[in-house]
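To start, the structure itself, in structure tokens.
Residue numbers start at 1 and run along the sequence shown.
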Amino acid sequence: MQKSYLNVIDIDGKHIWYNSTASGLMQIWCMDADGSNKIQMTANEKDNWFAHVSPDGHHIVYLAFNKEDLLPEEHLPNLHVELWLMNSDGSNQHKLVNLFGGQGTINVNSWNQDSRRLAFVNYEELF
């Protein structure tokens, strides 16, 4: 069964960013504010969550889980994950960092107002 989750409406109010399993794994999608023009923005072998649009609207940061670690509709804590960045048109997707985190790493939009920095949570592995 397909699952979809709303993430964020971009700064200009013209687009909605959301997660969906429409293609099998959890991927990041974008659509016009009226629900039309749905576009899959990520298409890789990861489960991608939590798209956050930079204040200038130029970049998207998101969290990628290894598909072997959880079901596509799950976003669990305490896992090895990756923080990724892409341009708002889906181009230039690249990994920023590997970290130990997951649920809670970037639950809320954490961009600085200048769109040049962002905050995230990297858990400490205690075992």
Distance-minimising heavy-atom pair for Tyr18 and Ile16
CD2-O, 3.9 Å
Below 4.5 Å, heavy atoms only, C-beta onward: do Met41 and Trp17 meet side chain to side chain?
yes
Apply the test side-chain contact (heavy atoms from CB on, under 4.5 Å) to residues Glu82 and Asn98: give CA-CA distance (whole Å), side-chain angles for both, the deciding distance (0.1 Å), then the verdict.
CA-CA 4 Å; Glu82 301 167 349; Asn98 292 315; 3.2 Å; yes
Measuring from Asn107:CG to Leu63:CG, what's the distance to the nearest 0.5 Å?
9.0 Å
Check whether any side-chain heavy atom of Phe100 sits under 4.5 Å from a side-chain heavy atom of Asn78, and report yes or no.
yes
In terms of hydrophobic clustering (I, L, V, M, F, W, Y; side-chain heavy atoms under 4.5 Å; direct or indirect links), are Leu71 and Val81 co-clustered?
no
Once you round to the nearest 0.5 Å, how far does CZ of Phe65 lie from CG of Leu25?
13.0 Å
Would you confirm whether Asp34, through its side chain, and Ser36, through its main-chain N or O, come within 3.5 Å as a donor-acceptor pair?
yes
Decide yes or no on side-chain contact (heavy atoms from CB on, under 4.5 Å) for Met26 and Thr21, but give the supporting numbers first.
CA-CA 4 Å; Met26 188 61 71; Thr21 58; 3.4 Å; yes
Donor-acceptor under 3.5 Å (Asn19 side chain, Asn48 main chain):
yes
Test item: Gln27 side-chain N/O and Lys46 main-chain N/O as donor-acceptor pair under 3.5 Å:
yes
Decide yes or no for His58 and Asn87: does some side-chain heavy atom of the first lie under 4.5 Å from some side-chain heavy atom of the second?
no
Could you give me the CA-CA distance, side-chain angles and deciding distance for Phe50 and Gln103, then say whether side-chain contact (heavy atoms from CB on, under 4.5 Å) is met?
CA-CA 10 Å; Phe50 307 118; Gln103 173 66 24; 3.6 Å; yes
Run the side-chain contact (heavy atoms from CB on, under 4.5 Å) test on Leu118 and Leu83 for me, step by step, so that the C-alpha distance in whole Å, both residues' side-chain angles and the decisive distance to 0.1 Å come before the verdict.
CA-CA 11 Å; Leu118 59 105; Leu83 198 60; 4.1 Å; yes
Could you grab the distance from atom CD1 of Ile28 to atom OG1 of Thr42, nearest 0.5 Å is fine?
5.0 Å
Roughly how far, to the nearest 0.5 Å, is CD1 of Ile60 from NE2 of His52?
10.0 Å
Can you find a pair of side-chain heavy atoms, one from Val97 and one from Phe120, that are under 4.5 Å apart?
yes
Is it the case that Ser54 and Asp56 place a side-chain donor and acceptor less than 3.5 Å from each other?
yes
Interatomic distance, CD@Glu45 vs CD@Glu68, rounded to 0.5 Å, equals 8.5 Å
To the nearest 0.5 angstrom, please state how far the OG1 atom of Thr105 sits from the CG atom of Leu99.
5.5 Å
If I compare all heavy atoms of Pro55 with all of Gln113, which pair ends up nearest, and what's the gap?
CB-O, 3.8 Å
His15 to Cys30 - nearest heavy-atom pair and separation
CB-SG, 3.6 Å
Nearest heavy-atom pair of Trp84 and Lys95: which atoms, and what distance?
CE3-N, 3.6 Å
Main chain of Ala43, side chain of Gln93: is a donor-acceptor contact present, judged purely on distance under 3.5 Å?
no
Determine whether a donor-acceptor pair (N or O, by modelled atom type, separation under 3.5 Å) exists between the side chain of His75 and the backbone of Trp49.
no
